[in-house]
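Here, residue 1 is the first one in the sequence, and each next residue gets the next number. Hydrogens, waters and symmetry mates are skipped; everything else that's a heavy atom, side chains included, is used.
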Amino acid sequence: MNSKKTEWTAKWIRPKETMGDACPVFSKTWQQEKTPESAVLYLTSLGVYEACINGNRVGDYVLAPGWTVYEKRLQYQEYDVTGLIREGENEIQITLGKGWYASPMPGWVEKEKQRKKERKTGILGELILSADGASNGRVIATDQTWKVSQGPVRFSEIYDGESFDATFVSDKEEEVCEFSWPIETLIPQQGEQIREMERVCAREIIHTPAGEWVVDFGQNITGYVEFTVDAHEGEQIKILHGEILGKDGNFYNENYRSAKAEINYVCREGKQTWHPRLTFFGFRYLKLAEFPEEPKAEQFTAIAVYSDMKRTGFIRTAHEGINQLFSNVLWGQKGNFLDVPTDCPQRDERLGWTGDAQTFTKVASYNFDVERFFRKWLRDLAADQLESGSVPQVVPNFLPDCRESAAWGDAATVCPWQMYMTYGNTSDLAEQFESMKKWVDFITQSTTTKCLWTGGEHFGDWLGLDSPPGSYRGASREDFIATAFYAHSTHLVVKAGRALGRDMSGYEELFQEIRKAFQKEYPEYLTQTEHVIAVWFELTEDSQKTADALAEMIVKDGTQIRTGFVGTPYILHVLSNYGHTDLAYTLLLREKYPSWLYPISKGATTIWEHWDGIMADGSLWSSDMNSFNHYSYGSVADWLYEEAAGIKPVEEAPGFAKARITPRPDKRLGWIDVSLSTRHGQIRSAWRYVGDSVRFEITTPVESEIVIGDRRETVMPGTYTYWG
């Protein structure tokens, strides 16, 4: 990470006169007597930018400068552009789109809120040219001497897409004006850069029953399409994006709600290749509403765009359905970890929902190295947190009010603690510690009943399958869930404080008081989720008895889950930790609705928002709230890491400085091979049935406790084989 730039000679600039929907192109030319020894560009914007020097793109950052709480934290990027500068005349051009800063978002919020978010964009940048080893050199800085013109990007917004006219040539340069924006809010790049990470070739071109041409990539992704076409000047291309085909086999994207998710392109003469640059889409299918020739699959490539995270977790099994499930989890994370952990990447939402993030944070940190990703997002969470300690439902916060909810606001405690457990970095934990405490203190001060959390309004067990008619909130009592998370967050604050060497006696006493109050108020548990969180958060007087009752309830319910966003992440863990691993595998491997494998039978390549987004007869759950790339239920993958393969960190030695490996085999799965790259090296746990026996192979780079059946031993780094 670069050190912070503290002095800026540059001025914020924007077009002096409005350019309507067209994306402005800022430019500056200068004469260079000789090639500089070094050239460094510092650049940021309100909006998203793409810079070019002498016609060559600067860097490979997509949608820079990313998405933060702009009023308090705005990232800038630093680029080494030495190789782009030449002797003689040089020109820098910066194209600016609305991006997250100025697009009307979210699209489903009332128009008054949208108008408040229609903000003017602008850029700030300095190009420092040094010669002969000089520490200071010539500075080309944004100011009123720059010019601006309309560019070929005629329209670009996050939800509605992008329009590009390849025939457009501006014949008019206009003046810019300087404006004020605080320099002290600027921070060097903190999160992972957003990049074009993967390319997916079109699988086939479909001619639908409605007579439409539809491109199928075979994979739901986040990013944009690149197409190549041989056309005449002025011919039009119009492309719509969708995740699924409807029951009738025709293109469908009603679930995008008000998001147009549209590309419009005016062709120049001849062969040309193009893709959007200032927006993104979630899609598997493209409808070619207008196209100048009969399309061929080789003309289309989907470019997956997401934060540049290093892959760390790998899971393979003998069960193809589980392998596809894990692939869906990975693609769901990639598609929704585009600078912030969004709920979905396609419809008129795409927001950093805190509840989704906290349910998925553990598996996210096993699949990829997300320490830097969450470091940046959690700083934004703290920045958006109110003085009272209330945490908004989404970060960055774009909703009309700051209504907090249990299990959503608890991202303030759950996510920092999980980052500490996975990576062992005390400095990040220390950075978030005040935010963690503020959240717990907020609940303590705002509740209407001491040591319980009452009087609030919550999402409950969102999308619980036991929801009463007309509700999305599940049948679990909202105050029950709220109090359980109050206790859980308090406990995490205690753990975090102890890890940092703080005196946590006051919060420890509070946790014990909440626990006693919870047990008195809730002597019985009414739903699967209530059983699950009472055990997982260590609130029940008899965990084994409660887990046994959960298992009985699941069987009575038809041996199927009835949980929503709150209960689902922990249900298999509770079962396997209290002697019901067989039932946990039964739920995991269930293929009928509701189950993790049911969507796969309907062609899912990412995790769905609803277990039955596409129902058994092919009809859809709804068009209003039916995302097919919604990663929350992918939290099941952390059970594969921690229980099926048995790889767990030790709380006393976070970051996998030590490990506990307790694999739990099941013949129905056949075999599993899991590896996890940690800060201390790669841990691998694999088992395979050979007849009625099980062969275990474990490789660990650290001192580890291995538990297989009744066998328990502490081992040093190495590879070990066992039979059981």
With a cut-off of under 6.0 Å to the ring centre and 45° to the axis, is [X] in cation-pi contact with [Y]?
X      : Y      : result
Arg590 : Tyr598 : no
Arg119 : Tyr101 : yes
Arg350 : Phe280 : yes
Arg316 : Phe314 : no

With rounding to the nearest 0.5 Å, note down the distance linking [atom1] in [X] to [atom2] in [Y].
X      : Y      : atom1 : atom2 : value
Trp67  : Leu74  : CH2   : CG    : 14.5 Å
Lys592 : Leu597 : NZ    : CG    : 13.5 Å
Leu286 : Leu240 : CG    : CG    : 9.0 Å
Met19  : Ser149 : CE    : OG    : 6.0 Å
Ser327 : Glu320 : OG    : CD    : 11.0 Å

Set out, in order, the CA-CA distance, both residues' side-chain angles and the distance that settles side chain to side chain donor-acceptor pair (under 3.5 Å) for Asp369 and Thr312, then state yes or no.
CA-CA 6 Å; Asp369 186 339; Thr312 51; over 6 Å; no
For the pair [X] and [Y], find out whether any cationic side-chain nitrogen is under 4.0 Å from an anionic carboxylate oxygen.
X      : Y      : result
Arg199 : Glu226 : yes
Lys271 : Asp230 : no
Asp21  : Arg154 : no
Asp165 : Arg268 : no
Glu212 : Lys287 : yes
Glu157 : Lys260 : no
Lys296 : Glu298 : no

Answer with yes or no whether the side chains of [Y] and [X] bring together a donor and an acceptor at under 3.5 Å.
X      : Y      : answer
Glu196 : Tyr224 : yes
Asn220 : Thr605 : no
Glu609 : Asn626 : no
His232 : Glu269 : yes
Asn328 : Thr606 : no
Gln189 : Gln77  : yes
Thr529 : Asp461 : yes
Gln272 : Tyr265 : yes
Asp356 : Ser632 : no
Asn323 : Thr317 : yes
Ser156 : Arg277 : no
Tyr641 : Asn367 : yes

Any donor-acceptor N/O pair, [X] side chain to [Y] backbone, under 3.5 Å:
X      : Y      : value
Glu591 : Ser601 : no
His610 : Met625 : yes
Arg562 : Leu465 : yes
Asp612 : Ile614 : no
Ser471 : Arg473 : yes
Trp611 : Pro594 : no
Ser45  : Ile123 : no
Ser365 : Lys362 : yes
Asp466 : Ala475 : yes
Asp216 : Arg203 : no

Distance flag, aromatic centroids of [Y] and [X], threshold under 6.0 Å:
X      : Y      : value
Tyr631 : Trp331 : no
Trp213 : His207 : yes
Tyr633 : Phe565 : yes

Nearest non-hydrogen partners of [X] and [Y], listed with the distance:
X      : Y      : result
Leu278 : Val48  : O-CG2, 3.7 Å
Phe360 : Ser635 : CD1-N, 3.8 Å
Cys23  : Thr95  : CB-CG2, 4.2 Å
Cys415 : Trp377 : SG-CZ3, 4.3 Å
Asp160 : Ser258 : OD1-O, 3.9 Å
Pro345 : Asn629 : CD-O, 3.4 Å

Parallel under 30°, tilted from 30 to 60°, perpendicular over 60°: which one fits the rings of Phe291 and Phe300?
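It falls in the tilted class, 30° to 60°.
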Mind checking whether Phe227 and Trp274 have parallel, tilted or perpendicular rings, split at 30° and 60°?
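Aromatic pair Phe227/Trp274 classed tilted.
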Report the C-alpha separation of Arg195 and Asp308 in whole Å, then their side-chain angles, then the decisive distance to 0.1 Å, and conclude whether the salt bridge (charged side-chain N to carboxylate O under 4.0 Å, His left out) test is met.
CA-CA 6 Å; Arg195 290 197 171 100; Asp308 189 0; 2.6 Å; yes
The single option from Trp596, Tyr585, Tyr366 passing ring pair (Phe, Tyr, Trp, His ring centres under 6.0 Å) against Trp639:
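Only one of Trp596, Tyr585, Tyr366 forms a ring pair (Phe, Tyr, Trp, His ring centres under 6.0 Å) with Trp639, namely Tyr585.
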Could you walk me through whether Gln393 and Phe459 satisfy the side-chain contact (heavy atoms from CB on, under 4.5 Å) test, starting with their C-alpha distance in whole Å, then the side-chain angles of each, then the deciding distance to 0.1 Å, before giving a yes or no?
CA-CA 10 Å; Gln393 298 163 7; Phe459 288 114; 3.6 Å; yes
What's the verdict on side chain to side chain donor-acceptor pair (under 3.5 Å) for Thr68 and Asp380, showing C-alpha distance, side-chain angles and the deciding distance?
CA-CA 6 Å; Thr68 53; Asp380 282 306; 4.7 Å; no
With side chain to side chain donor-acceptor pair (under 3.5 Å) as the test, would you mind laying out the steps for Arg372 and Ser307 before giving the verdict?
CA-CA 10 Å; Arg372 186 174 179 181; Ser307 292; over 6 Å; no
Give the C-alpha distance, both sets of side-chain angles, the deciding distance and a yes or no for side-chain contact (heavy atoms from CB on, under 4.5 Å) between Val214 and Tyr285.
CA-CA 7 Å; Val214 172; Tyr285 297 95; 3.8 Å; yes
Check against side-chain contact (heavy atoms from CB on, under 4.5 Å), Val58 and Cys52
CA-CA 5 Å; Val58 173; Cys52 291; 5.6 Å; no
